[in-house]
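One structure is given here, and the rest of the page talks about it.
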Amino acid sequence: MNDRAIPQRGSGSYDLLLDLAGQRTRAGLEEALRAAVRDGRLAPGTRLPSSRVLAHDLGLARNTVADAYGQLVAEGWLTARQGSGTTVAARPALPVRRPARPAADRPRTEPADVVPDRTGLPYVLWPGSPDLSSFPRTAWLRAARRALTAAPNEAFGYTDPRGRPELRTALADYLARVRGVRTDPDHLVICTGYIQAVGLLLRVLYARGARRAAVETVGLPDIPTVLRAAGLEPVPLPVDADGARVEDLGTGVPAVLLTPAHQFPLGVRLSPARRTAVAAWARSTGGIVVEDDYDGEFRYDRQPVAALQALAPDHVVYAGTASKSLAPGLRLAWIAVPPHLLDAVVREKRLADHQSAVIDQLTLAEFIRSGAYDRHVRRMRVRYRARRDRVVEVLAERAPGVRVSGIAAGLHLVLELPAGGAPLDAVVGRAHRLGLAVPGLPAFGSAASHPTALVVGYGTPPDHAFSAAVGLLCDALAARA
């Protein structure tokens, strides 16, 4: 059956054009409704016919329509309220896309166009973000009340650019206990995210004569841009199953940025031999290692690996963040800075914004001191591990030809596509058409020496959308070449 018009039937009814494309099934109806919402033919707030009316006009069983409505409500396409019927859910406005310019024409300070726009898609399996619906609002509010009650008046004025001493003290104790970091409160600097922290440090290194810094060939897309903005040229450092090939550093590179505990995005860890080697390189050359411990709390199938910083505290700048353990919106990160760099980094922080927001610093300090942070991390570790296990289980059933790796830690995994299957672009494109944002490995740098793969973040979807997102991922993997 093709297009069928739904006639008006009483108050609140209207004509509705649906193309079932010959699929007189629940799945066919669900896809027709999704397409109508995606195309804008069903605007947010539009009230749909009752299941009885729609079933009559399409010649389907009423239960089929009711089940389709229920599935689309669960996925977030529709909303249903007792007495108000079923309506199209509010959707984020789609972005205005600008034509991509050739790479040679881009300003050097413009971020590389490697991360596709995913605004407006109902499902996101993008790595690098936690489940925001699990933010501990009640516990955070309690901590904020206690922190504000106890805060001295001077805390609300201009304060030390390094950050509030309450938070630096709490973090020094926590990082020593959980990550083995060797530092003290005086050498911690609170920043508004990892990008700011790296920018401060790179400007210091440039002022001291550095003009190059090594970065992993696949990683956070913004880092090469931040390097160039600070005046440093990125030097690609290959990554294999043992992590970054630090033996390739040599003496011509004064600094290297690493994700040693859980390489982003490949998910491997720096081998013990290479950890020892990079610490020895730093001591022998005076080099600086920037250790990004972005998701250090989340380890599942192996014991946590202590921070690399403990091997060479005078040469390793340890960087951590609350973006994965709590939420990116807090804009709270920290770096443990060696003494010989501290004054220069603090000066750059003062010039950048003088200080990070105080109230959230005080709240996080209380959150850590009270034990609420540890409890939250333990709870989320269980939830994320269960999600990871579910993704692996569903993939084994529905996409057995896909090889899964990078699953021992973190909030994402890597799916290597089978040889001879659909091209990566076809899989990513099909996912996008289905309403799912999921990136290919090339979105994170030079992937020429790595397998054809997707990078799947399982932290982002809220619980009510998680199963549907994983189902769409499997549908996308079924794309034909």
Side-chain angles (χ1 to χ4, degrees), residues 1-94 118-125 131 133 387 390-391 393-394 397-398 430-438 460-479:
M1 185 171 85
N2 292 322
D3 294 348
R4 290 284 301 272
I6 300 176
Q8 293 188 353
R9 292 180 179 271
S11 175
S13 295
Y14 44 84
D15 288 341
L16 175 63
L17 196 65
L18 289 178
D19 184 2
L20 298 186
Q23 298 185 52
R24 298 170 53 82
T25 62
R26 169 182 159 179
L29 177 58
E30 288 173 8
E31 184 52 38
L33 287 167
R34 290 191 195 99
V37 175
R38 276 197 300 263
D39 295 345
R41 290 183 284 117
L42 286 178
T46 300
R47 184 173 179 177
L48 299 184
S50 68
S51 59
R52 177 183 60 81
V53 169
L54 189 58
H56 176 274
D57 289 309
L58 294 181
L60 300 175
R62 185 176 179 181
N63 284 346
T64 298
V65 177
D67 290 345
Y69 277 2
Q71 176 63 29
L72 296 182
V73 167
E75 293 179 8
W77 294 89
L78 307 177
T79 60
R81 291 183 180 179
Q82 186 69 30
S84 299
T86 303
T87 60
V88 177
R91 314 299 305 168
L94 291 175
R118 55 196 186 274
T119 305
L121 293 180
Y123 298 98
V124 177
L125 289 177
D131 176 10
S133 68
R387 286 187 173 201
R390 180 58 180 160
V391 175
E393 176 186 354
V394 172
E397 177 181 342
R398 295 189 53 187
R430 176 173 170 81
H432 194 276
R433 291 190 297 275
L434 291 171
L436 172 68
V438 61
T460 303
D463 285 344
H464 72 270
F466 179 71
S467 294
V470 174
L472 291 178
L473 172 66
C474 293
D475 292 342
L477 290 168

Q. Looking at Pro44 and Ala90, what are the two nearest heavy atoms and their distance?
A. CB-CA, 3.8 Å
Q. Do the side chains of Val65 and Leu58 get nearer than 4.5 Å, heavy atoms only?
A. no
Q. Hey, does Leu48 have a side-chain heavy atom less than 4.5 Å from the side chain of Tyr69?
A. yes
(Q) I need the Leu60 CG to Leu54 CG distance, nearest 0.5 Å. (A) 7.0 Å
Q.
Whether the side chain of Arg430 engages the backbone of Asp475 through a donor-acceptor N/O pair (distance < 3.5 Å, no angle test) should be reported.
A. yes
Q) When rounded to the nearest 0.5 angstrom, what is the spacing between CG in Leu472 and NE2 in His432? A) 13.0 Å
Q.
Can you give me the closest heavy-atom contact between Val124 and Leu436, atom names plus distance?
A. N-CD1, 4.3 Å
**Q.** Exercise: identify the closest heavy-atom pair between Tyr123 and Gly76
**A.** OH-N, 4.3 Å
(Q) To the nearest 0.5 Å, what is the distance between CG on Leu72 and OG1 on Thr79? (A) 11.5 Å
Q: Give the minimum heavy-atom separation between Asp463 and Arg387, together with the two atoms involved.
A: OD1-NH2, 2.8 Å
Q) Minimum heavy-atom separation for Pro461 to Leu125, with atom names? A) CG-CD2, 3.6 Å
Q.
What verdict does the side chain to side chain contact (heavy atoms under 4.5 Å, CB included) test give for Leu78 and Val88, after you've listed the backbone C-alpha separation in whole Å, the side-chain angles of each residue and the deciding distance to 0.1 Å?
A. CA-CA 4 Å; Leu78 307 177; Val88 177; 4.2 Å; yes
Q) If you draw the axis of the six-membered ring of Phe466, does the NZ or CZ of Arg390 fall within 45° of it and under 6.0 Å from the ring centre? A) no
(Q) Distance check, rounded to the nearest 0.5 Å: Asp67 atom CG versus Leu29 atom CG? (A) 10.5 Å
Q) If you look at every heavy atom in Cys474 and Val394, which pair is closest and at what distance? A) SG-CG1, 3.5 Å
